[in-house]
Q: 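Input: one structure, supplied below.
All chains are named by letter (A, B, ...) in the order of the sequence lines, taking the proteins before the strands, and each is independently numbered beginning at 1.
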Amino acid sequence: MKIIYFGSSKFSLIVLENLCRAGFVPALIVSQPDKPKGRGLKSNPTEVSEYAQKTNIALIKPSSLKSGKVINEIAGFAADLFIIADYGKILPKELLSLPKIAPLGVHPSLLPAYRGPAPINWALINGDKETGVSIFKMNEGLDTGDVVLQKKIPINDADNAYTLHAKLAIEGVKVLIEAIPGLKKCICALKPQSEEFSSFAPKLAKEDGKINWGTEAIRIRNLVRATLGWPSAYAYYKNKMIKIIDSEVIFEQPQNKPSIIDRIDKEGIYVSTTRNLLKIKRLKPQGKNEMDAYSFVIGHKVAVGDKFE
RNA sequence: CGCGGGGUGGAGCAGCCAGGUAGCUCGCAAGGCUCAUAACCUUGAGGUCAACGGUUCAAAUCCGUUCCCCGCAA
């Protein structure tokens with residue numbers, strides 16, 4: 001079984017690692033070109049590229065998949081299967097027809113729900129109780145191909161963007177491996193996705209992390225766990241940006257207007273919302289390391305009645 | 001060389017601009033008060049003020065260099 005793997009992100013890396021561990025080592029890895037990121041804007045390889053270099057698997061990072069040169073190079077591998085997980089670009093028709101069996105996508109949602117780049121985050125923002133992974137036959141659309149196999153995964157109360165990413169990536173590989181043996185047979189009998197029930201999960205913007213205090217505590221907490229890592233749920237305290245790392249809903253009626261600090265103890269800072277209190281447990285002030293909410297209180301003389309914005 | 005914040009006892013901060021015996025809140029230890037306590041009172045331990053060099057009678061503080069952490073931006 002000759003596999004070509006397309007991927008870029010952390011999610012993709014976990015899928016790739018587990019795939020290799022299971023014995024499906026790709027003949028070629030295709031990732032996004034190095035991009036300037038981080039402090040100093042240095043050009044850095046994607047996590048998948050790094051892995052390829054570390055393990056000495058052939059790697060290409062084309063800036064475009066449409067050039068004849070790139071297509072020829074990929075065609076030269078005569079692959080049986082493409083596996084595409086969070087690659088970041090749509091594959092053109094010429095490429096999709098190359099693999100002998102099929103181009104397979106791994107997507108961390110129950111398609112046709114949450115098509116697009118940020119399905120995990122949006123499932124958390126919306127407070128969903130379950131999500132899942134889908135293995136589908138890639139076509140020219142954005143996560144619109146016929147579904148081969150799906151698995152539902154419950155979302156626990158303790159889950160956040162990190163844990164759910166990891167969980168879905170690991171489950172995704174399992175389902176993928178399960179799907180491979182019977183592929184040839186089932187690939188022609190697939191049913192198309194229902195357009196009627198489809199939804200789109202757009203990429204998150206910095207602004208999506210901004211906390212709106214004029215809502216229920218539960219929704220703010222969902223935002224906190226959904227955006228952990230990036231872009232992070234944030235608010236302003238005395239004109240400084242504070243990212244909320246960990247929070248909890250306290251089922252008590254707030255004594256103050258939304259965004260006012262209702263109570264403080266060693267466990268955290270309790271902020272009023274339109275319904276219930278939001279307990280901030282860990283946070284990260286602008287330019288500082290992450291810390292317990294109480295440490296922040298101690299160093300910054302935070303008082304009951306102070307306001308977040 | 002993209003822009004910016006920061007490195008001060010275990011934690012979070014003040015002090016730096018206008019150099020002159022290291023401070024605050026918390027934690028920790030011991031003692032006290034108390035039926036009792038995470039509450040309160042008293043006492044105490046713990047710091048080469050990131051590193052190196054310079055200026056000075058004197059540097060956490062001024063000047064220079066280096067290392068490390070973080071935010072923005074992507």
Q: Strictly below 4.0 Å, N to O, side chains only: are A:Lys61 and A:Glu73 in salt-bridge contact?
A: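 No salt bridge links A:Lys61 with A:Glu73.
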
Q: Roughly how far apart, to the nearest Å, are B:A11 and B:G47 at atom C1'?
A: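 Rounded to whole Å, the distance is 14 Å.
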
Q: Using the C1' atom as the point on both nucleotides, what is the distance between B:A22 and B:U8, in whole Å?
A: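 That atom pair is separated by 8 Å.
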
Q: Measuring only the C1' atom in each nucleotide, how far is B:C17 from B:C63? A whole number of Å is fine.
A: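 So the two C1' atoms sit 15 Å from each other.
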
Q: To the nearest Å, give me how far apart NZ (A:Lys206) and C1' (B:C72) are.
A: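 In whole Å, B:C72 C1' lies 8 Å from A:Lys206 NZ.
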
Q: Applying the Watson-Crick and G-U wobble criteria at under 3.5 Å, what pairs with B:G31? Answer none if nothing qualifies.
A: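 Here B:G31 is engaged in a pair, and the nucleotide opposite it is B:C41.
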
Q: Could you tell me the separation between the CD atom of A:Gln32 and the P atom of B:A74, rounded to a whole number of Å?
A: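 A:Gln32 atom CD is separated from B:A74 atom P by 17 Å.
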
Q: Start at the 5' end of RNA chain B and walk down; is the nucleotide closest to A:Met241 or to A:Lys266 reached first?
A: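 Nearer the 5' end of the strand: A:Lys266.
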
Q: Quick one, A:Leu228 and A:Leu124 - any side-chain contact, counting heavy atoms below 4.5 Å?
A: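 No; the side chains remain at least 4.5 Å from each other.
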
Q: Whole angstrom is fine here: how far is it from CD in A:Gln286 over to C1' in B:A73?
A: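 After rounding, the gap between these two atoms is 14 Å.
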
Q: Nearest 0.5 angstrom please: A:Ser9 OG to A:Ile14 CD1, how far?
A: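 Interatomic distance, A:Ser9 OG to A:Ile14 CD1, rounded to 0.5 Å: 8.5 Å.
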
Q: Strictly by Watson-Crick or wobble contacts shorter than 3.5 Å, is anything paired with B:A11, and which nucleotide is it?
A: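 Its partner is B:U25 (Watson-Crick or G-U wobble, both distances under 3.5 Å).
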
Q: Might you work through the side chain to side chain contact (heavy atoms under 4.5 Å, CB included) test for A:Thr227 and A:Asp208, ending with a clear yes or no?
A: CA-CA 8 Å; A:Thr227 59; A:Asp208 289 319; 5.7 Å; no

Q: Under a 4.0 Å N-O cut-off, is there an ion pair linking A:Asp265 with A:Lys279?
A: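 No.
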
Q: Rounding to the closest angstrom, what is the interatomic distance between B:U55 and B:C62 at atom C1'?
A: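 The answer is 8 Å between these two C1' atoms.
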
Q: Does the structure show a Watson-Crick or G-U wobble partner for B:G71, both distances under 3.5 Å? Name it, or say none.
A: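 By the stated definition (distances under 3.5 Å), B:C3 pairs with B:G71.
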
Q: When you check the gap from the basic side-chain N to the acidic O, do A:Glu252 and A:Arg263 get nearer than 4.0 Å?
A: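 Counted as a salt bridge, because a side-chain N and a carboxylate O are separated by less than 4.0 Å.
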
Q: Can you check each nucleotide of nucleotides 7-14 of chain B against protein heavy atoms at under 4.0 Å and return B for base, S for sugar-phosphate only, - for none, in 5' to 3' order?
A: ----BBS-

Q: Taking atom P in both B:U61 and B:C49, what distance in whole Å separates the two?
A: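 Here B:U61 and B:C49 have their P atoms 9 Å from each other.
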
Q: Within less than 4.0 Å of OP1 or OP2 of B:G71, is there a side-chain N or O belonging to A:Lys284?
A: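 Yes.
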
Q: Taking side-chain contact (heavy atoms from CB on, under 4.5 Å) as the test, write out the residues that go with A:Glu207, two or more places apart.
A: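 With neighbours one apart ignored, the set is A:Lys210, A:Tyr234.
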
Q: Is there a Watson-Crick or G-U wobble partner for B:G53 with both distances under 3.5 Å, and if so, which one is it?
A: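 B:G53 is paired, partner B:C63.
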
Q: If the C1' atom of B:C72 is compared with that of B:A29, how far apart are they to the nearest Å?
A: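 So the two C1' atoms sit 44 Å from each other.
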
Q: What contact category does A:Lys35 fall into here, base, sugar-phosphate, or nothing, at under 4.0 angstrom with non-hydrogen atoms?
A: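 The residue A:Lys35 makes no contact with any strand.
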
Q: Who are the side-chain contact (heavy atoms from CB on, under 4.5 Å) partners of A:Pro285, not counting sequence neighbours?
A: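 Result, side-chain contact (heavy atoms from CB on, under 4.5 Å) vs A:Pro285: A:Ile242, A:Leu283, A:Lys288, A:Met291, A:Phe296.
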
Q: Can you tell me which nucleotide in B:A74, B:A38, B:C72 comes closest to the side chain of A:Trp230?
A: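 Nucleotide nearest to A:Trp230's side chain: B:A74.
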
Q: Measuring only the P atom in each nucleotide, how far is B:A51 from B:U34? A whole number of Å is fine.
A: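 48 Å, rounded to whole Å.
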
Q: Expressed as a whole number of Å, how far does the C1' atom of B:U21 sit from that of B:G15?
A: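 The answer is 15 Å between these two C1' atoms.
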
